[in-house]
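Written below as structure tokens is the structure these notes are about.
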Amino acid sequence: MSQVSMFSSGQEFANLFVSSDLLHHSWFTISDLRNHPYLNNPILVKVYPYHSNGAIVAFVSSPTCTLQKEMVSSEDLEGSQSPFQFISTKRNPHFSVNKAAITLFASLLNELSALKEQLGNVSPLIITGVSLGGSVASLFTLWLLKDNNKRPTCITFGSPLLGDSGLQRAISERPSWNSSFLHVVSNHDPIPRSLISPTNVFAGSIPQSCIYNPFGMFLLCSDSDCSCFEEPESVLDIMMEMNLNSQHQDSRFLAFDYEQVLERLKDRVIFKGASQLFHSSVDQLQAGIDLQLEAIGIGGQQTSNMNPLRTKVKKRVEESFAKKRNAFDPGKKLNKMKESMAWLEWYKKVTLKEGGYYDSFKRSENRGRDAVKSRQEIVKHQRVLTKYWKTIVEEVENMPQREETTFRTRWLYAGTNYRRMVEPLDIAEYYMKSGNTDYVNLGRSEHYKKLEEWRIEDNPSGSGNDRRKSVCLTEDSCFWAYVEEAIINSKRLREGSLEEKENAREYLVNFGEYVINMIRSYSVSSEIFQPQSSFMKWWKDYRQDILSCLSSLPLAFYMENGDYQSYA
């Protein structure tokens with residue numbers, strides 16, 4: 001999709017929404033609910049049938065409700081307000097919501113819990129509300145989105161902004177969430193803009209956590225036309241501009257009547273002047289932006305060149321397009337990753353008699369042109385795989401807990417194989433640099449740690465029927481780092497100070513217990529017993545020194561008796 005079509009689709013969306021019956025049905029339920037007695041209830045909720053198997057859930061707040069700018073942080077959400085903790089992610093752990101909205105939601109929690117169960121397989125499911133009722137509708141929609149099997153559509157009319165940048169990021173980063181919200185805003189309705197101030201647009205000394213930010217799509221309406229906008233900063237700028245241009249504002253906190261707005265727009269032809277987009281001498285993207293701004297009464301052909309809003313919106317559209325174009329899609333790159341893994345599996349097979357692929361990789365720079373060439377090819381695939389899995393881990397860490405668990409389960413097997421295959425090559429590169437020690441604590445990448453955490457959380461006992469796989473790939477991807485540390489400590493045992501010898505002896509005892517446990521559980525590849533491997537070299541070079549501190553341990557008996565020769 002081009003930048004032009006991506007942006008001009010705002011008018012296409014507006015045309016679609018206005019010409020359909022969805023907005024009118026939603027507003028009808030709100031109008032009907034307004035006629036019900038409040039009976040001291042601050043907010044009303046009612047379910048209306050929609051088509052054959054669908055439903056519209058409408059929320060209307062009492063005229064006595066007051067809107068305040070005060071927010072409640074996610075850390076302070078307790079009791080009846082706590083259902084929204086699932087929104088937090090590891091990379092976006094904090095968010096804030098409007099206090100008045102969350103208080104109204106909490107007052108309905110028991111009723112909404114029962115309603116959530118009743119809605120079950122209802123489809124389509126529309127959640128709607130006006131003013132503060134729209135804010136509660138948004139909260140209820142978020143709660144429904146927690147369950148992957150529910151895909152509601154939320155339509156608000158004249159709703160004030162709901163939360164801060166933390167909430168906006170949590171929703172906008174989930175396309176399936178963000179696309180669930182449509183906010184209808186008239187340029188004569190002051191309530192949607194009541195929580196916006198110039199500090200939103202020109203944020204300076206005020207912390208971002210204190211500033212309201214939009215999410216979802218906004219259908220912005222003027223007297224004669226409308227258009228859809230989604231990019232958050234542009235929505236803020238445009239709503240501020242609409243606020244300045246409006247000459248019919250009502251300062252009272254009364255829910256605006258959107259029936260007349262919808263009736264005026266129903267028969268409008270949104271694409272007036274759209275042919276300008278395709279004139280060869282016109283900046284098509286800028287022309288599309290001008291048409292949308294003109295549709296909602298901002299700027300115009302005479303003054304648009306002087307409007308700095310045009311430039312800002314265009315820049316953000318271009319940035320948004322670039323971000324979507326470069327968005328990471330693990331599925332699309334999966335075949336490329338399989339190809340890179342196949343290369344490493346081939347390399348592991350052909351280097352078995354050279355001591356195994358760990359040692360072959362480590363020594364290849366000193367083994368002639370062909371070995372160097374093969375190593376360069378393997379390094380290329382190693383880098384490709386590492387970049388891919390670092391991105392995967394980052395994406396998963398940024399997901400809500402429910403999505404994270406599902407995604408992790410789906411990719412766990414592939415991630416574990418990658419870690420076991422590639423991390424030994426990183427370990428080899430680490431110890432090739434003179435003076436490097438303690439890879440596990442000083443050199444290990446965070447994404448390997450996360451992949452290992454996922455594996456442990458998925459199978460805490462470490463048990464399972466992967467004996468055959470473990471014989472091919474050593475289960476502990478840090479095994480060779482421990483071997484390198486054993487070599488370093490064996491040198492210290494022979495040549496170090498008294499303190500160094502004592503520490504080295506302790507390490508080697510622990511290492512011996514670790515290795516024999518790996519052998520007994522078939523969790524180590526048979527390649528470690530290849531004559532040229534670093535493990536066998538460690539045993540041969542330091543056998544006497546090792547026996548002085550390991551003679552009573554099972555590993556010493558195992559190696560001395562030659563039992564390893566039948567391990568494979």
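Not a single donor-acceptor pair under 3.5 Å links the side chain of Asn53 to the backbone N or O of His51. At distances below 3.5 Å, at least one donor-acceptor pair connects side-chain atoms of Gln85 with backbone N or O atoms of Ser74. A donor-acceptor contact shorter than 3.5 Å links the side chain of Ser159 to the backbone of Ser135. Listed for the Asn178 side chain is a donor-acceptor partner under 3.5 Å among the backbone atoms of Gly216.
Side-chain contact between Glu446 and Lys390 is absent, with no heavy atoms from C-beta onward closer than 4.5 Å. Residues Arg151 and Ser179 have side chains in contact (heavy-atom distance under 4.5 Å, counting atoms from C-beta outward). Contact annotation: the side chain of Glu423 never approaches that of Leu451 to less than 4.5 Å [non-hydrogen atoms, C-beta and beyond]. With contacts defined as side-chain heavy-atom distances shorter than 4.5 Å, the pair Leu109/Trp143 qualifies. In this structure, Phe215 and His183 have side chains that are in contact, with non-hydrogen atoms separated by less than 4.5 Å. At a threshold of 4.5 Å between non-hydrogen side-chain atoms, the residues Ile43 and Leu132 do not count as touching.
Qualifying salt bridge (charged side-chain N to carboxylate O under 4.0 Å, His left out) partners for Arg169, counting only residues two or more places apart in sequence or in other chains: none.
The structure places CG of Leu262 at 9.0 Å from CG of Asp257, a figure rounded to the nearest 0.5 Å. Taken to the nearest 0.5 Å, the CG atom of Leu77 stands 8.5 Å off from the OG atom of Ser88. Between atom CZ of residue Phe105 and atom CG of residue Leu112 there is a gap of 5.5 Å, rounded to the nearest 0.5 Å. Distance check, rounded to the nearest 0.5 Å: CG of Asn41 to NE2 of His36 gives 12.0 Å.
Of the residues listed (Thr141, Thr29, Ile56), the one engaging Ile126 in a side-chain contact (heavy atoms from CB on, under 4.5 Å) is Ile56, and it is the only one.
Other residues, nucleotides and ligands contribute only 12 or fewer heavy atoms inside 6.0 Å of the CZ atom of Phe28. A 6.0 Å sphere centred on CG of Asn40 holds no more than 12 heavy atoms belonging to other residues, nucleotides or ligands.
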Q) Passes side chain to side chain contact (heavy atoms under 4.5 Å, CB included), Phe59 versus Leu108? Steps please. A) CA-CA 11 Å; Phe59 293 85; Leu108 288 173; 4.0 Å; yes
Q. Between Lys450 and Glu453, does a salt bridge (charged side-chain N to carboxylate O under 4.0 Å, His left out) hold up when you go through it step by step?
A. CA-CA 5 Å; Lys450 289 296 180 183; Glu453 285 178 16; 3.8 Å; yes
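When every heavy atom of Val130 is checked against every heavy atom of Val60, the shortest pair comes out as CG1-CG2, 4.4 Å.
Aromatic ring centroids of Tyr50 and Tyr48 lie 6.0 Å or more apart. Taking the centre of each ring, Tyr388 and Tyr418 stay at or above the 6.0 Å mark.
Using modelled atom types and a 3.5 Å distance limit, the side chains of Ser186 and His188 yield no donor-acceptor pair.
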